[in-house]
Protein chains: 2
Amino acid sequence: MKTLRLTSNDRAVLLDSRFFARLPRATAEAILDGTIASTHEEHDILFRQDEPVDHVFFVLSGLVRLYRLGKDGREADIAVFPKGEIFGENAMFLEHRATANAQAAEPLIVARLESRKLRQLAAENTDVAQALIELLCHHGKMTEDCLAEDRLLTAPQRVASYILSHCPDGLSSFSFRLPFQKNVLAGKLGLAPEALSRAFSMLRQSGVTVKGRVIEIRDRQALEKF
Amino acid sequence: MKTLRLTSNDRAVLLDSRFFARLPRATAEAILDGTIASTHEEHDILFRQDEPVDHVFFVLSGLVRLYRLGKDGREADIAVFPKGEIFGENAMFLEHRATANAQAAEPLIVARLESRKLRQLAAENTDVAQALIELLCHHGKMTEDCLAEDRLLTAPQRVASYILSHCPDGLSSFSFRLPFQKNVLAGKLGLAPEALSRAFSMLRQSGVTVKGRVIEIRDRQALEKF
DNA sequence: CGCTTTTTTGACACATTTCAACACTCGTGG
DNA sequence: CCACGAGTGTTGAAATGTGTCAAAAAAGCG
């Protein structure tokens with residue numbers, strides 16, 4: 001891990017993101033003041049479950065996997081954060097201890113917002129508090145969605161649902177590129193990699209073609225009722 | 001469903017709860033001003049997924065089940081809220097639409113806090129915002145725990161974990177009464193009722209006895225490594 | 001091109017759901 | 001007091017879905 005200054009491009013990206021865009025410019029600048037960035041190699045750990053964390057993280061580039069460890073060493077993914085997303089904010093309000101492990105799933109650059117400062121700002125400034133509330137809501141809903149899908153859908157259905165979530169409304173045929181390795185997708189969907197593979201080949205008979213990371217859908221309807 | 005005024009006992013219970021206790025008395029009173037209660041029979045629906053909700057709910061007595069529906073009509077429990085807990089707060093920040101269905105799992109009385117008013121207060125008052133942030137964090141963590149357990153533990157392990165979460169630290173043998181029907185517990189743990197039943201009989205060989213709703217644990221150690 | 005890493009496939013084991021039948025509990029009314 | 005019935009919980013057998021392990025195939029990268 002190396003630490004860097006924020007580039008002016010980084011600042012621009014940050015200020016444009018959903019979290020900062022809703023804040024008055026001066027407030028956003030105040031949060032960013034003193035913020036640094038750090039780079040990490042794939043597989044690096046950013047923080048560990050139950051250990052202290054002093055930052056809230058913003059993904060500038062790369063990918064982060066948030067997961068819990070079982071007693072037997074197995075890993076359960078809680079969420080995956082691509083470029084532009086914020087994570088680790090909940091530790092701020094849980095005595096600065098992480099609820100999960102965070103690992104770079106690709107070469108990674110993150111901005112590190114000082115969590116004590118941010119917490120303090122949130123306590124004084126309703127704009128910041130509001131932004132945090134919306135972030136927490138959003139993350140909470142993501143987790144709920146995940147839990148519900150795990151409990152209601154089979155593996156192929158979860159994969160179909162994931163694919164459909166990338167389909168612009170109204171199109172009945174389209175294609176897109178997976179934003180990360182199948183490995184990671186499997187984890188995010190709560191599947192073993194083999195199960196993901198098999199799910200894709202089930203979906204072939206519903207008009208889904210997979211070539212490398214490129215997914216092609218011929219008939220959206222067929223997927224929807226899978 | 002019948003609507004009622006809050007009794008003075010209700011007010012006391014509310015003001016003592018985690019959410020309100022952290023607020024200055026005047027602020028808490030301001031929120032409660034105009035708040036009404038409603039009673040519901042078992043199986044009544046309080047709100048439905050994707051439909052508008054105008055309240056945040058506080059359970060005065062009884063039990064609420066929060067769940068999502070699958071296309072095939074199957075239900076997946078997201079959370080269960082006993083007396084003293086608040087739910088439905090996330091809809092406030094998601095265009096006042098529920099992310100799940102809420103159903104009385106027992107005869108129920110809830111206090112109905114007006115969500116628009118509460119949202120407004122949160123936007124002006126950092127104390128209220130802070131209280132909401134902590135609530136959202138807490139609920140988020142609950143859901144995360146649930147997701148992780150689903151993905152890491154088998155049915156008997158989840159049941160063991162549930163039992164242990166009711167064991168006061170330091171005791172190696174104890175007993176307690178299930179706070180709700182086994183049916184509901186099964187749902188909360190993401191199991192079919194039959195699976196819960198079988199899990200209990202597996203645990204018998206680790207010193208767990210079940211008589212009606214009373215659970216008795218002879219050897220905590222044995223449970224922990226199940 | 002050759003090497004490493006990732007993905008796919010197959011065979012098998014295991015956990016859980018499903019469906020059906022049975023036991024138990026508890027309150028009601030004969 | 002017992003009999004009845006509805007609701008609740010348990011048990012068994014079969015079916016299903018997913019994980020695991022090993023091996024082959026494909027993709028990425030120098």
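Here is how names work: the chains are called A, B, and so on, in the same order as the sequence lines, proteins then strands, and each is numbered from 1.
Put simply, the side chain of B/Asp10 gets close to the backbone of B/Thr7: a donor and an acceptor are under 3.5 Å apart. One N or O on the side chain of A/Asp44 and one on the backbone of A/Glu41 form a donor-acceptor pair closer than 3.5 Å. In terms of modelled atom types and a separation under 3.5 Å, the side chain of A/Gln157 and the main chain of A/Thr154 share a donor-acceptor contact. The main-chain N or O of B/Asp54 is found under 3.5 Å from a side-chain atom of B/Ser115 such that the two form a donor-acceptor pair. The closest donor-acceptor contact from the side chain of A/Arg74 to the backbone of B/Leu153 lies at 3.5 Å or more, if one exists at all.
Each of A/Thr154 and B/His43 has a nearest nucleotide on DNA chain D; the 5'-most of these lies closest to B/His43.
A/Glu75 pairs in a salt bridge (Lys or Arg N to Asp or Glu O under 4.0 Å) with only one of the listed residues (A/Arg68, A/Lys188, A/Arg65), which is A/Arg65.
If you look at A/Phe58 and A/Phe87, their ring centroids are not closer than 6.0 Å.
One side chain, A/Arg112 or A/Ser38, offers a donor N or O that lies under 3.5 Å from an acceptor on the other. A donor-acceptor contact under 3.5 angstrom links the side chains of B/Thr99 and A/Glu144, judged on distance only.
Within a heavy-atom distance below 4.0 Å of DNA chain D, the residues of residues 176-183 of chain B found are B/Gln181, B/Lys182, B/Asn183. Contacts with DNA chain C (heavy atom under 4.0 Å) in residues 191-213 of chain A: A/Glu194, A/Ser197, A/Arg198, A/Ser201, listed by number. Near DNA chain C, defined here as any heavy-atom distance below 4.0 Å, there are no residues from residues 61-76 of chain A.
To the nearest 0.5 Å, the span separating CG on B/Leu108 from NE2 on B/His43 amounts to 12.5 Å.
With a 6.0 Å radius and a threshold of 12 heavy atoms from other residues, nucleotides or ligands, A/Met202 has its CE atom at or below the threshold. In this structure, B/Lys182 places its NZ atom where more than 12 heavy-atom neighbours from other residues, nucleotides or ligands lie under 6.0 Å away.
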Begin from the C-alpha positions of A/Phe81 and A/His139 and carry the test ring-ring contact (aromatic ring centres under 6.0 Å, His included) through to its verdict. CA-CA 11 Å; A/Phe81 300 101; A/His139 283 171; 5.3 Å; yes
Please determine whether side chain to side chain contact (heavy atoms under 4.5 Å, CB included) holds for the pair A/Arg11 and A/Leu32, giving the CA-CA distance in whole Å, both sets of side-chain angles, and the decisive distance to 0.1 Å. CA-CA 8 Å; A/Arg11 298 183 84 84; A/Leu32 288 189; 4.0 Å; yes
Trace of the side chain to side chain contact (heavy atoms under 4.5 Å, CB included) decision for B/His138 with B/Arg18: CA-CA 11 Å; B/His138 182 242; B/Arg18 184 139 95 238; 3.4 Å; yes
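Ring geometry, A/Phe174 versus A/Phe176: the interplanar angle falls under 30°, so the pair is classed parallel (tilted spans 30 to 60°).
Chain A approaches DNA chain D within less than 4.0 angstrom (heavy atoms of the protein), and the contacting nucleotides run 5' to 3' from D/dT18 to D/dC21.
Two end axes, each from the C1' atoms of five base pairs, can be drawn for the helix from C/dC1-D/dG30 to C/dG30-D/dC1; they diverge by 30°, to 10 degrees.
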Distances under 3.5 Å only, N/O to N/O: pair up the protein atoms with those of nucleotides 21-25 of chain C.
none

